[in-house]
Amino acid sequence: MKITWLGHSSFRIEIGDQVLLIDPWLGGNPSFPDDRKSEATEWATQILLTHGHFDHASEVVDIAKELDVPVVGIFDLMGHLEGAHGLKTMGFNKGGTVALGNVSVTMVNAVHSSSISTDHGPMYAGAEAGFMISGEGKTIYVSGDTDIMADMEWMAEYHRPEIGILCAGGHFTMDMKRAAFAAKKYFDFKTVIPCHYATFDALEQSADALVEGLPGVDVKTPEVMETIEL
């Protein structure tokens with residue numbers, strides 16, 4: 001399994017027979033090197049979208065059309081992308097599981113908001129979500145944008161993810177200390193990878209508080225485009 005951070009909340013996950021792009025925001029992402037876009041997206045089989053905000057979804061139409069791959073996410077947002085932009089989509093909802101080759105993806109709850117910017121203000125884009133991605137005998141919890149929530153208790157008990165990709169930048173989501181608290185209280189992660197930080201001034205710039213808060217957990221803080229093999 002290979003996990004590559006593409007900056008902010010964007011990831012490339014090579015798992016089983018799939019290459020998944022999670023919330024691919026590359027152009028306009030101040031963390032991402034523009035000259036490495038093709039490297040980040042090559043051989044992608046699916047795009048997974050947690051919600052509609054610009055820093056997660058604004059490039060999904062162009063990338064999906066360029067790569068000719070389907071977008072997978074919450075039913076309402078997928079319906080919009082298919083109807084308005086002609087994308088191939090797979091819409092489902094929280095509690096649902098879809099098979100992507102020999103990888104399974106279950107949609108789980110998140111606590112945030114979800115909208116698309118229009119000339120008339122924000123447009124509802126379906127509910128925000130996270131994913132449990134299972135393959136190669138492991139499960140990855142992609143939190144999406146969220147705060148701590150009591151649902152994490154049953155999600156951890158039921159899915160037992162070994163790897164957590166956690167939003168941790170604060171201001172719009174839980175911060176590093178809150179992410180560490182959630183990881184300790186609810187989960188038994190072997191590996192944690194923070195995201196949604198160091199992109200804008202309003203966000204935390206360092207993951208030190210997460211590392212300090214999770215002794216005994218392998219907290220990975222890769223550089224953008226650095227690949228982690230697990």
Exercise. Tell me, yes or no, whether the heavy-atom count around Glu39 atom CD, taken from other residues, nucleotides or ligands under 6.0 Å, exceeds 12.
Key: yes

Quiz item: Charged N to carboxylate O under 4.0 angstrom, Glu14 versus Arg12?
Solution: yes

Exercise. Verify the ring-centre separation between His8 and Phe32: is it less than 6.0 angstrom?
Key: no

Quiz prompt | Sidechain N-carboxylate O distance under 4.0 Å for Arg36, Asp34 | solution = no

Quiz item: Is the Phe54-Trp25 ring centre distance short of 6.0 angstrom?
Solution: yes

Practice problem: To the nearest 0.5 angstrom, please state how far the CG atom of Leu77 sits from the NE2 atom of His51. | Solution: 10.0 Å

Quiz item: So how far is it from Asp62 CG to His85 NE2, rounded to the nearest 0.5 Å?
Solution: 9.5 Å

Exercise. Start with the C-alpha distance between Tyr141 and Phe187, add both sets of side-chain angles, then the distance that settles ring pair (Phe, Tyr, Trp, His ring centres under 6.0 Å), and finish with yes or no.
Key: CA-CA 10 Å; Tyr141 170 43; Phe187 296 94; 5.2 Å; yes

Self-check item: Check ion pair Arg160-Asp188 (N to O, under 4.0 angstrom)
Solution: no

Self-check item: Mutual orientation of the aromatic rings belonging to Trp5 and Tyr197 [parallel < 30°, tilted 30-60°, perpendicular > 60°]
Solution: parallel

Quiz item: Taking the six-membered ring for Trp, are His196 and Phe172 parallel (under 30°), tilted (30 to 60°) or perpendicular (over 60°)?
Solution: perpendicular

Quiz item: If you measure from the Lys or Arg side-chain nitrogens to the Asp or Glu carboxylate oxygens, is any gap between Lys37 and Glu59 under 4.0 Å?
Solution: yes

